[in-house]
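Predicted model, so just to flag it, every value in this text is computed and none were measured. Atom set for the values below is all heavy atoms of this structure, side chains included, hydrogens, waters and symmetry mates excluded. Numbering of ligands and ligand atoms starts at 1, following listing order.
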Amino acid sequence: MSFQLQDKKAVVTGGSSGIGLATVELLVAEGACVAWCGRDEQRLNESKQQILARYPNAKVFTAVCNVLDKADVQKFADLVQKQFGGVDILINNAGQGRVSDFENTADEDWIKEVELKYFSVLHPIRAFLPALKQSNSGSITNVNSLLALQPEPHMIATSSARAALLNLTHSLAHEFSQYNIRVNSILLGMVESAQWKRRFENRSDLHQTWEEWIGNIAKKRGIPMARLGKPEEPARALVFLASPLASYTTGSAIDVSGGFNKHL
Ligand code: NDP
């Protein structure tokens, strides 16, 4: 069974690395036309070259865009409309987490985190909504974290902002049902990506290899599957929710955490 994505038009924010790039690749492999953005031009170009090297006939489009800059996002949406003539799928993936507890999170950091978690989703939805309304299979899928249900004290601001995003996803699912646009999310545990590579580079024990380091994290955190996820694992959940295969699913969240979810 295929994801039924041939010639669908998809947008992935933060598609130049990690989970976003794995999602772009799966969408392209399934025959979708895919546009993605990121802030760093070089990383974005490299991701495009990587996709085109594997799928030379892929219909792809990239643009430098900071999802926190409303005008930038509108420009991106206008360019996508020009390139593809519409949009069926929006995947809001761009972002990162903040590691800090209450005592070392300054007020400005709270504001930045709340801005990132809300507006990395609100700006793209506002900009792409007119196109999504025209689609006969419109969907919005937000990358969220298990922190939304299971807060971690060392990520206090991210956890509470993630809970807000889960709540917002439900409201949008209800409001957009009238347009036949489905809105869902995935709840991530820990997934190997550039964020984790950056943390690895700053590890205290420089003798530890990547495999040892992530293996220790999985063990210490008690992840039942004893490993971190690979980017293609959340990508498959995202593409399923975004696709017509999930046609009767809205306001829902798929857990992708290797069993780390203690709420089941
Ligand atoms: P990566 O750092 O590998 O990828 C993040 C992507 O988002 C990059 O393409 C980055 O490109 C882009 N990006 C970041 N900020 C912006 C912005 N303001 N505007 C446009 N693009 C942006 O991380 P992951 O793949 O791990 O993260 C993907 C999503 O998953 C994030 O929202 C993250 O918070 C979430 N997540 C990840 C977890 C994990 O364990 N990996 C756990 C829980 C949630 P550039 O920097 O060039 O802009």
Can you tell which of [options] gets a heavy atom nearest to [atom]?
{"atom": "atom 24 (P) of ligand 1", "options": "Ser193, Ala148, Gly18", "value": "Ser193"}
{"atom": "atom 42 (C) of ligand 1", "options": "Gly189, Ala22, Ser145", "value": "Gly189"}
{"atom": "atom 2 (O) of ligand 1", "options": "Gly229, Pro234, Ala194, Gly15", "value": "Ala194"}
{"atom": "atom 5 (C) of ligand 1", "options": "Gly20, Gly97, Gly95, Ala94", "value": "Gly95"}

Quick check: [X] and ligand 1, any N/O pair under 3.5 Å apart?
{"X": "Val191", "answer": "yes"}
{"X": "Val143", "answer": "no"}
{"X": "Gly38", "answer": "no"}
{"X": "Cys37", "answer": "no"}

Report task. Determine, using heavy atoms of Trp196 and all atoms of ligand 1, whether some pair is separated by less than 4.0 Å. Result ->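 It does; at least one heavy atom falls under 4.0 Å.
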Query raised in the report: At the 4.0 Å heavy-atom cut-off, does Glu192 count as touching ligand 1?
Result: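 So Glu192 does not count as touching ligand 1.
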Requested in this report: Take the angle between the ring planes of Phe76 and Phe61 and call it parallel below 30°, perpendicular above 60°, tilted in between.
Outcome: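 Phe76 vs Phe61 ring planes: parallel.
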Query raised in the report: What's the shortest distance from atom 7 (O) of ligand 1 to any protein heavy atom, and which residue and atom give it?
Result: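 Among all protein heavy atoms, the one nearest atom 7 (O) of ligand 1 is Gly14 CA, 3.3 Å.
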Would you mind telling me if ligand 1 is within reach of the side chain of [X], the backbone, both or neither, using heavy atoms under 4.0 Å?
{"X": "Asp40", "answer": "both"}
{"X": "Glu41", "answer": "neither"}
{"X": "Cys65", "answer": "backbone"}
{"X": "Arg43", "answer": "side chain"}
{"X": "Arg198", "answer": "side chain"}
{"X": "Asn93", "answer": "both"}

Query - Thr62 side, atom OG1; Ile51 side, atom CD1 - distance, nearest 0.5 Å - result: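 Interatomic distance, Thr62 OG1 to Ile51 CD1, rounded to 0.5 Å: 11.0 Å.
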Requested in this report: Verify whether one side chain among Glu30 and Ser2 offers a donor that lies under 3.5 Å from an acceptor in the other.
Outcome: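 Note: Glu30 and Ser2 side chains miss the donor-acceptor criterion.
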